[in-house]
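These notes concern the structure reproduced below.
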Number of protein chains: 2
Amino acid sequence: MKDNNDMPGHLARRFQQIAVAVFLAEVEDAGFDLTPVQYAALATIKANPGLDQVTLAGLIAYDRTTITGVIDRLVQKGLAERRPSNRDRRARELEITDEGRRTLRKITPVVESAQRIILRGLSAKESEELMRLLRKAIAAGNELSRAPLRDAQA
Amino acid sequence: MKDNNDMPGHLARRFQQIAVAVFLAEVEDAGFDLTPVQYAALATIKANPGLDQVTLAGLIAYDRTTITGVIDRLVQKGLAERRPSNRDRRARELEITDEGRRTLRKITPVVESAQRIILRGLSAKESEELMRLLRKAIAAGNELSRAPLRDAQA
DNA sequence: GGATATTGATCAGTATGCTGACGATCAGTA
DNA sequence: TACTGATCGTCAGCATACTGATCAATATCC
């Protein structure tokens, strides 16, 4: 009988579980209330002002139906704004607020420290190798999930 | 600005996302309706007949509040049974049914094939190395999540 | 033995993630 | 221009995951 520890699927779930727990603990310790998903969305909105939700979803590989709720919460916390687009009346343009910018600036070092904690069992060299292998496996499987990573369009 | 691809947390989420999608697609193709979580729970119940829910949760690193719903669905599908324990009247003893055994037998090769698909971008050597590094990182972070892995007690 | 602490299971509440559907809108074409 | 198909955002519904609480039952300690 195959052990759980021989199943990449199980290891993936467990690694992700720990990563989320560490992220939330560090962020809360620093006095913030932001999930990993919300952080990634906010950082991506800041880097791509005025983008629409489908583009945002593609940039961070979220499902477009999940984005709706995430943005709801960012807006509700006053970190982002959602307004109808003039170019395409179906679309919503997303913008980070000043408050969002402040939060992002203060929280980024915390997030980076969390990333180090997630890998605390590995040497620097092992960490690099793990990330390289994950990137490679992810690239090969990108199209297999409903929410693949997509480049921004012009 | 740090790229998403430099964040182990983001890579963890993405890898897990693909792993779940592959698992569900393969299992559905084979004509079954079972999630990764339900599969792991069912296989563990079979390997440890009569175990209680907390022990099961520890063996596969689930939160105990999540287990309740997972077992509900296994029972509802007729794959497992839940009955009050005689030794400890707070506890529920879990048992796999004949139907559960049949399902598990037929589905196991499908699950193993899914594991190969998840790693299809990597060579055999790289796959081994990825799993080794994940195991190491997970071991170091085990206590950081609310649902750490636990050995079965005597 | 009896007070206290702990434990097993569940629940309510919240946040991802997904499937499949829908209305509104846009783009391309006959 | 009218039609057709695709796209954007949202929704309902389901399944993980977690926090924190509660109830019942067991363990522990004095």
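FYI, side chains are in, hydrogens and waters are out, and symmetry mates aren't considered; it's all heavy atoms of this structure. In what follows, chains carry the letters A, B, and so on, assigned in the order in which the sequence lines appear, proteins first and then strands, with residues in each chain numbered from 1.
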Please list, in 5' to 3' order, the outermost nucleotides of DNA chain D lying under 4.0 Å from any heavy atom of chain B.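 Reading along DNA chain D, I get D/dA15 to D/dT26.
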Nearest heavy-atom neighbours spanning [X] and [Y]:
X	Y	answer
B/Tyr39	B/Thr108	OH-OG1, 3.7 Å
A/Glu93	A/Ser85	OE2-OG, 3.3 Å
A/Ala147	A/Asp63	CB-N, 3.3 Å

Using purine N1 to pyrimidine N3 plus N6-O4 or O6-N4 for Watson-Crick, or N1-O2 and O6-N3 for G-U wobble, both under 3.5 Å, which nucleotide pairs with C/dA30?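 Pairing partner, where one exists within any strand: D/dT1.
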Please determine, for C/dA21, whether a Watson-Crick or G-U wobble partner exists with both distances under 3.5 Å, and give it or none.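 Here C/dA21 is engaged in a pair, and the nucleotide opposite it is D/dT10.
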Can you pull every protein N or O that's under 3.5 Å from an N or O on nucleotides 3-8 of chain C?
unit_1 : atom_1 : unit_2  : atom_2 : d
C/dT7  : O2     : B/Arg90 : NH1    : 2.3

Is [X] salt-bridged to [Y], going by a charged N under 4.0 Å from an acidic O?
X	Y	answer
A/Glu126	A/Arg120	no
B/Arg132	A/Glu129	no
B/Glu128	B/Lys125	no
B/Lys106	B/Glu99	no

Just how far, in rounded Å, is [atom2] of [N] from [atom1] of [X]?
X	N	atom1	atom2	answer
A/Leu74	C/dT14	CG	C1'	15 Å
B/Asp63	C/dT14	CG	C1'	14 Å
A/Asp72	C/dT16	CG	C1'	13 Å
B/Ile71	C/dC11	CD1	P	14 Å
A/Gln38	C/dT14	CD	P	14 Å
A/Ile60	C/dT16	CD1	P	11 Å
A/Leu34	C/dA15	CG	P	11 Å
B/Arg146	C/dA15	CZ	P	16 Å

Please figure out whether A/Glu28 or B/Gln16 has its closest DNA chain D nucleotide nearer the 5' end.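 That would be B/Gln16.
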Under 4.0 Å, counting only non-hydrogen atoms across every strand here, what does [X] touch: a base, just sugar-phosphate, or nothing?
X	value
B/Arg89	sugar-phosphate
A/Ala147	sugar-phosphate
B/Thr35	sugar-phosphate
A/Thr65	base

Note, A/Leu51 side chain near A/Ile45 side chain (heavy atom, < 4.5 Å):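 Yes; the side chains approach each other to less than 4.5 Å.
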Do the non-hydrogen side-chain atoms of B/Val20 and B/Thr35 ever get within less than 4.5 Å of each other?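 The answer is no, as the side chains (C-beta and beyond) never meet within the 4.5 Å cut-off.
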Within the pair A/Thr66 and C/dT16, is there a side-chain N or O less than 4.0 Å away from OP1 or OP2?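 For A/Thr66, the contact criterion (side-chain N or O under 4.0 Å from OP1 or OP2 of C/dT16) is not met.
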On DNA chain C, check which nucleotide each of A/Asn86 and A/Gly69 is closest to and give me the residue with the more 5' one.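 Counting from the 5' end, the first nearest nucleotide belongs to A/Gly69.
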A/Gln17/A/Arg14 under side-chain hydrogen bond (donor to acceptor under 3.5 Å, both in side chains): CA gap, chis, key distance, verdict: CA-CA 5 Å; A/Gln17 183 182 41; A/Arg14 191 80 188 94; 2.4 Å; yes
